[in-house]
Amino acid sequence: MNDRETMGEAGATRGFVAKGRMQSTSSRSPMAGGFLLTASILVGAVAGALRGQATAGLLAGLAVGFALSLAVWLIDRARG
């Protein structure tokens, strides 16, 4: 039994059956800024709690993390 018959028996329509061509994928892996966002929120919350203003620290960390993540995204986008 070949792949098309197997996929057909599984209920896949003709549009979903692979035609033997590989999809082109980028050899470059994208950069990720999620760690920067998470770390800055946590650091901001802890720093704010030490000063008695945990919410203000969390919001400041969120703003800094968002700016850093946006910068990472823009740099990655410019790279190609």
Side-chain angles (χ1 to χ4, degrees):
M1 197 180 265
N2 65 23
D3 292 340
R4 289 180 193 249
E5 291 172 4
T6 304
M7 294 295 287
E9 287 181 10
T13 61
R14 191 165 186 86
F16 289 109
V17 176
K19 301 207 185 326
R21 289 178 281 178
M22 300 217 22
Q23 294 181 356
S24 63
T25 57
S26 175
S27 62
R28 181 184 70 80
S29 59
M31 296 170 59
F35 172 76
L36 295 173
L37 180 62
T38 303
S40 63
I41 290 172
L42 292 174
V43 168
V46 170
L50 293 174
R51 296 181 180 195
Q53 297 290 326
T55 302
L58 184 124
L59 293 175
L62 178 64
V64 170
F66 180 75
L68 291 173
S69 296
L70 181 64
V72 167
W73 178 71
L74 289 172
I75 291 168
D76 186 50
R77 187 172 172 197
R79 285 180 41 203

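Just so it is clear, the values below take in all heavy atoms, side chains as well, and ignore hydrogens, waters and symmetry mates.
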*Going by side-chain heavy atoms closer than 4.5 Å, which hydrophobic residues are tied to Leu50, directly or by a chain of links?*
Val46
*Say you draw a straight line from CG of Leu37 to CG of Leu42; how long is it, rounded to the nearest 0.5 Å?*
9.5 Å
*Please list all pairs passing the side-chain hydrogen bond (donor to acceptor under 3.5 Å, both in side chains) test where one or both residues lie in residues 64-80, with sequence neighbours left out.*
Arg28-Asp76
*Not counting sequence neighbours, list each pair that qualifies as a side-chain hydrogen bond (donor to acceptor under 3.5 Å, both in side chains) and has a residue in residues 44-57.*
none
For residues 56-66, which side-chain N or O atoms pair as donor and acceptor with protein atoms under 3.5 Å away, sequence neighbours left out?
none

